[in-house]
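For reference, the structure is listed below as structure tokens.
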Amino acid sequence: MQDYLKRKLRDVLDAFDDDVPDDFEPELETPANPEHGDLSTNTAMRLPPHLKRPPREIASDLVGRLRERLDPERIRAVEVAGPGFVNFRFADDYLWNGLSQILAADDYGRTKAHSGQRALVEYVSANPTGPLTVGHGRNAVLGDTLANLLEWTGYEVEREYYFNDAGRQMRILAQSVRARYEAFADPDAPTRPIEEDGNIEEVPASFPEEGYRGQYIIDIARDLYDDDPDLLDADDLAPFRDAAEEAIFTEIEDTLNRLGIEMDRYFNERDLYDEGRVEAVLERLREVGVTYERDGATWLRTTDFGKDKDTVLVKSNGEPTYRLPDIAYHDDKFARGYDRIVDVFGADHVATYPDVLSALDVLGYDTDERVSVLVYQFVSLVRGGEPVTMSTRAANYTTLNELMDEVPSDVVRFFFLMRSPNTHLDFDLELARERNEKNPVFYLQYAHARISSILDKAEEVGFDYNAEPELERLTHDAEKALIKELLKLPDEIAGAADMMAPHHLADYLRDVATAFTAFYGDCHIIGEERPLAVARMHLALAARTVLANGLAVLGINAPESM
RNA sequence: GCGCCCGUAGCUCAGCUGGAUUAGAGCAGCGGUCUUCUAAACCGCAGGUCGCAGGUUCGAAUCCUGCCGGGCGCGCCA
């Protein structure tokens, strides 16, 4: 409907006046107040600067011309209101036709705006140095849901996890495991104290600076020692690193699976080196002249791109910083021919990604057009309104598995999605655990379960879907309001995808559940005369489809009963 | 010091993409509603100088400037 009206508005404007700019895009919105109609446009109020006429006059002119062109089976009224709004009211026929379209498609909500296009969503991308934390969880769920949203707007989507198992972090990880292993091999090995946050802990003397201190390291070392106690003879870190990587990766995949996430590809940074892509990209940057040598290191002249400092690409020891392979990685993504490349990462990276984008621009890629970055703010764990110990840092120490041991994964997903990615998230553990009306997840799932139950009962009583429903019997205000709400699903999904804002869909689904409940309160199915009951049954079925599909996009289960 | 994000009802937040009709929701509070399809629900009431101060405009929560408060960054770490 929005597309239809925009098209008609554009037609009218074309015939209207030469002073209307060619790139003028009509905007439509749903008025906050239903008395103002079903859709509204501010077009007339945006034109006075171009037309030199008052907005209300333009509005009446628009309305006059629109009335001739609009299909009365879709729009039953167009009117001028307020300072110059043009308000549209849907015809009942439009609602009934729309409802039958919902009933005709199991995947109602899916649109084709981007069909034939390919998108890559890269998310999580944590190096295998330890279990995923609550902070990674927000990344994972946002990325996965955005991937779903893109799929529902027609993209062919690939989900990718990028990691690096060759760098300094992994070396320290291997050393950490080795030090713990030594302690199993020789319980009398010397130890030394380490202090952090005021706590003192004894670790093996060979434990590296900034080593990984979690219990999981000790577990990995013990398993490795039980398996093969003679690894210290050869002075080789590889077995320790390999064992750690394998164990940690297995756990990461397992954690993601618990969240309903399955990656299409795990992309290892090492491949970029093996294929010479890192060196090649550096060479191209050199050719373009945006690099220079200083103090034995190779620098990227990021001050040319508005930064206040230049950036090291290759350290004086010859080892690249992570930025260079990052650029090579994105070069590879472009080479793979995606129409859309999406990166998901936390606010702690906002200062560095412009370097990568700038380098890609220099290499000739249109990053504005093809790369989008979804940045999310940090997560705090809260219990009953009180911050969990260590305040915001708790979220970076609590593992996702621990969180999911306490809170169902559906709730975890929803909580990570229900706020704008741009705002700091308070994850209230107490609220998340409640199975009642306070918890918005259960409100949605309950609505779905309730519809399922009603439909089951209606069938038991003898109503069925076989009869062609007389949808024109749906004339009650609550019925029409519900249909209008249901018909928004495609626009809501497309809008949430375009704005990379999954929380809009979550908010919308609550509105759907509310509209259904209002209908449920006003309109009975069982007990009504057959044609009306069958029509309402179909309306309930459509509502269930919308809820189920919306929840599917969010990656949340839609239970048949609760 | 510099950059980015946030500041809207008691609490948690929508709304801000170059503005627009009386600023919304959930929870908490108060008052109602189950002999009828799931009360894990619904209805009603109350609750806000949209951080502060200017500016632009016919009109600003939304745009601009400055300030205040909170978060995150500012490595030859990732």
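Here is the naming used below: chain letters follow the sequence lines, and residue numbers restart at 1 for every chain.
- One N or O donor and one acceptor, one from the side chain of Ser316(A) and one from the base of rC76(B), sit under 3.5 Å apart.
- Contact annotation for Glu560(A): base contact, defined as any heavy-atom pair under 4.0 Å involving a base atom.
- rC34(B) adopts a syn glycosidic conformation, its chi angle falling within 90° of 0.
- Nucleotides rG66(B) and rC4(B), compared at atom P, are 11 Å apart to the nearest Å.
- Side-chain contact annotation: Thr302(A) with Thr311(A), donor-acceptor N/O pair under 3.5 Å present.
- Using atom P as the reference point in both rC43(B) and rC34(B), the two lie 15 Å apart (nearest Å).
- Out of rA39(B), rC72(B), rU21(B), the shortest distance to the side chain of Ala81(A) is found at rU21(B).
- Using a 4.0 Å heavy-atom criterion, one finds that Ser420(A) contacts the sugar-phosphate atoms exclusively.
- Of the candidates rC6(B), rG15(B), rC37(B), rC6(B) carries the atom nearest the Asn422(A) side chain, counting heavy atoms from C-beta on.
- Look at Arg473(A) and Glu529(A) and you find a salt bridge, because one of the NZ, NE, NH1 or NH2 atoms lies within 4.0 Å of a carboxylate O, short of that distance.
- Across all strands shown, Ala447(A) has no heavy atoms under 4.0 Å from either base or sugar-phosphate atoms.
- Using atom P as the reference point in both rA23(B) and rA9(B), the two lie 14 Å apart (nearest Å).
- Here the options are Thr514(A), Thr517(A), Leu539(A), Val546(A), the test is side-chain contact (heavy atoms from CB on, under 4.5 Å), and the partner is Leu482(A); only Leu539(A) passes.
- Electrostatic pairing of Asp310(A) and Arg301(A) does not count as a salt bridge here, judged by no charged N lying under 4.0 Å from a carboxylate O.
- Taking a centre distance below 5.5 Å and an interplanar angle below 30 degrees as the stacking criterion, His524(A) stacks against the six-membered base ring of rC37(B).
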*Dot-bracket encoding of pairs in RNA chain B, which uses [ ] for pseudoknotted crossings and | for another strand, Watson-Crick or G-U under 3.5 angstrom*: (((((((..((((..........)))).(((((.......))))).....(((((.......))))))))))))....

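- Stacking is found between Phe85(A) and the pyrimidine-like six-membered ring of the rU21(B) base under the 5.5 Å centre-distance and 30° plane-angle cut-offs.
- Thr298(A) is listed as a side-chain neighbour of Arg286(A), based on a closest heavy-atom distance under 4.5 Å.
- Residue contacts shown for Arg419(A) include a base, since a base heavy atom lies under 4.0 Å away.
- For Tyr161(A) and Phe249(A), the distance between ring centers is under 6.0 angstrom.
- Within the 4.0 angstrom heavy-atom criterion, only backbone atoms of the sugar-phosphate kind lie near Lys309(A); the bases stay farther away.
- Salt bridge annotation for Glu406(A)-Arg383(A): present, with a cationic side-chain nitrogen under 4.0 angstrom from a carboxylate oxygen.
- If Asp507(A) and Leu455(A) are placed on RNA chain B by their nearest nucleotide, the residue sitting closer to the 5' end is Asp507(A).
- Judged by the 6.0 Å and 45° rule, Arg510(A) forms no cation-pi pair with Tyr443(A).
- Contacts of Ser452(A) with the nucleic acid, taken as non-hydrogen atoms under 4.0 Å apart, are absent.
- When side chains are defined from C-beta on, Glu269(A) counts as touching Tyr273(A), because their heavy atoms get closer than 4.5 Å.
- Contacts between residues 123-140 of chain A and RNA chain B, defined by a heavy-atom separation below 4.0 Å, involve Asn127(A), listed by number.
- One P atom belongs to rU8(B), the other to rG71(B), and the distance between them is 15 Å to the nearest Å.
- Between the OH atom of Tyr520(A) and the P atom of rC34(B) there is a distance of 14 Å, given to the nearest Å.
- Comparing rA20(B), rA78(B), rU38(B) by their closest approach to the side chain of Asn164(A) singles out rA78(B).
- Counting only distance, with no hydrogens or angles, the side chain of Asn439(A) and the backbone of Leu431(A) share a donor-acceptor pair below 3.5 Å.
- The CG-C1' distance, from Leu324(A) to rC76(B), rounds to 13 Å in whole Å.
- The base of rU21(B) sits with one of its N or O atoms less than 3.5 Å from a complementary donor or acceptor on the side chain of Asn87(A).
- Rounded to whole Å, the separation between the C1' atoms of rG10(B) and rA53(B) comes to 27 Å.
- In summary, Asp165(A) and Arg241(A) do not engage in a salt bridge, as defined by a charged side-chain N under 4.0 Å from a carboxylate O.
- Arg510(A) comes within contact range of the sugar-phosphate backbone alone, with a heavy-atom separation under 4.0 Å but no base atom that close.
- In the set rG73(B), rU36(B), rU38(B), the nucleotide with an atom closest to the side chain of Ala351(A) is rG73(B).
- Among the protein residues, His503(A) comes within range of the sugar-phosphate backbone only, with heavy atoms under 4.0 Å from sugar or phosphate atoms but none that close to a base.
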